[in-house]
Amino acid sequence: YTNASTNSVTLTVNGPVGTNVFTRNNYIVVTNPPPLLAVSPTNRDFGPVLVGQTNTQTFQIASLGGLTLTGSVVTTLPFRIESGSPFTVLPGQTGSVTVSFSPTNVASYSNAVQFLSNGGSSTNPVLGVGITAQLFVSPPVINFGFVEVGSDAQASFVVTNLGAATLTNGTATVGGG
């Protein structure tokens, strides 16, 4: 049977003494399988993200049952559902849910994205790390002592990145004194 229906069964027996027919009305009931939620991948790692920046990734949801899948997706900050919730997915089809990670502090974050539907639920872990760049200059002050007018004096300093993010487009300036 390819569609949901109620069907009757008829048994016909032929033999040397004649024919006998037996019918059972509404004996076979065919239903579509219920909705069934599948989520892929099972987890997401957003990796290191600069504090104040955002990284997005997607989960794929599939409707593996015989009826339309409906539901919603929730999570908590600093993770956020950007799109795809609520969702409606026809049988045998897929949809996507976009999740973002926007760290507010330098820290490791661990949370879950919860998929709730008429075809079951799924709790999928999400991870991310908030990072910053941190510039350190040593020594903090350079004393050239007395330098005769028209003469040159040289000194050096070291710039170090103590943060986890790459520093780019840096410039150094010297102020008169």
Side-chain angles (χ1 to χ4, degrees), residues 1-12 22-136 159-171:
Y1 301 93
T2 58
N3 294 317
S5 61
T6 301
N7 302 281
S8 299
V9 176
T10 301
L11 174 64
T12 303
F22 179 71
T23 300
R24 284 237 143 141
N25 292 321
N26 303 323
Y27 192 68
I28 296 176
V29 177
V30 179
T31 61
N32 288 325
L36 179 60
L37 170 71
V39 180
S40 176
T42 57
N43 60 26
R44 281 290 190 195
D45 187 346
F46 288 82
V49 177
L50 281 169
V51 171
Q53 304 257 334
T54 300
N55 185 4
T56 60
Q57 295 194 29
T58 60
F59 284 95
Q60 184 177 51
I61 52 177
S63 176
L64 301 181
L67 299 173
T68 299
L69 178 71
T70 59
S72 61
V73 186
V74 296
T75 193
T76 57
L77 294 174
F79 299 93
R80 183 174 155 204
I81 307 303
E82 294 293 332
S83 65
S85 181
F87 59 84
T88 299
V89 182
L90 297 175
Q93 300 297 309
T94 61
S96 64
V97 174
T98 302
V99 180
S100 66
F101 171 57
S102 300
T104 55
N105 295 304
V106 174
S108 293
Y109 295 90
S110 175
N111 209 328
V113 176
Q114 291 186 301
F115 296 81
L116 310 167
S117 78
N118 62 340
S121 62
S122 180
T123 300
N124 298 63
V126 286
L127 305 170
V129 178
I131 61 170
T132 62
Q134 183 178 358
L135 187 64
F136 178 76
V159 178
T160 306
N161 179 4
L162 298 179
T166 302
L167 291 169
T168 59
N169 299 323
T171 59

task: Could you pull out the closest heavy-atom pair between L69 and A62, with the gap in Å?
output: CD2-O, 3.7 Å

query: Taking all atoms of both residues into account, what is the closest heavy-atom pair of G47 and D45, and its distance?
result: N-OD1, 2.8 Å

message: Using modelled atom types and a 3.5 Å cut-off, is there a donor and acceptor pairing between side-chain atoms of N111 and backbone atoms of T76?
response: yes

message: If you compare all heavy atoms of V126 against all heavy atoms of A112, which two are closest, and at what distance to 0.1 Å?
response: CG2-N, 3.9 Å

message: Could you check whether any side-chain N or O of S85 sits under 3.5 Å from a backbone N or O of V73, counting only pairs where one atom can act as donor and the other as acceptor?
response: yes

- prompt: What are the two closest non-hydrogen atoms of F87 and S117, and how far apart are they?
  reply: CZ-CB, 4.0 Å

- request: Enter the distance from T10:OG1 to N25:CG here, rounded to the nearest 0.5 Å.
  value: 7.5 Å

message: Can a donor-acceptor pair be found, under 3.5 Å and without considering hydrogens, that links the side chain of N124 to the backbone of R44?
response: no

field: Contacts of type side chain to side chain contact (heavy atoms under 4.5 Å, CB included), residue V51, not counting sequence neighbours
entry: V106, T132

Just distance, no hydrogens or angles: give the donor-acceptor pairs under 3.5 Å from side chains in residues 93-103, sequence neighbours left out.
residue	atom	partner	partner atom	Å
T98	OG1	S83	OG	3.2
S100	OG	E82	OE2	2.6
S102	OG	T54	OG1	2.7

query: Please, which pairs that meet ring-ring contact (aromatic ring centres under 6.0 Å, His included) have at least one residue in residues 51-74, sequence neighbours excluded?
result: F59-F115

- line: Here the gap from Q114 atom CD to I81 atom CD1, rounded to the nearest 0.5 Å, amounts to 10.0 Å

- prompt: Got a second to check how far L37's CG is from S63's OG, nearest 0.5 Å?
  reply: 8.5 Å

task: Classify the angle between the aromatic ring planes of F79 and F46 as parallel (below 30°), tilted (30 to 60°) or perpendicular (above 60°).
output: tilted

task: Check step by step if side-chain contact (heavy atoms from CB on, under 4.5 Å) holds for I131 and V49.
output: CA-CA 6 Å; I131 61 170; V49 177; 5.9 Å; no

- prompt: Would a distance-only check, ignoring hydrogens and angles, find a side-chain to backbone donor-acceptor pair under 3.5 Å from N118 to P34?
  reply: no

query: Do you know the tightest heavy-atom contact between P91 and G66?
result: CG-O, 3.5 Å

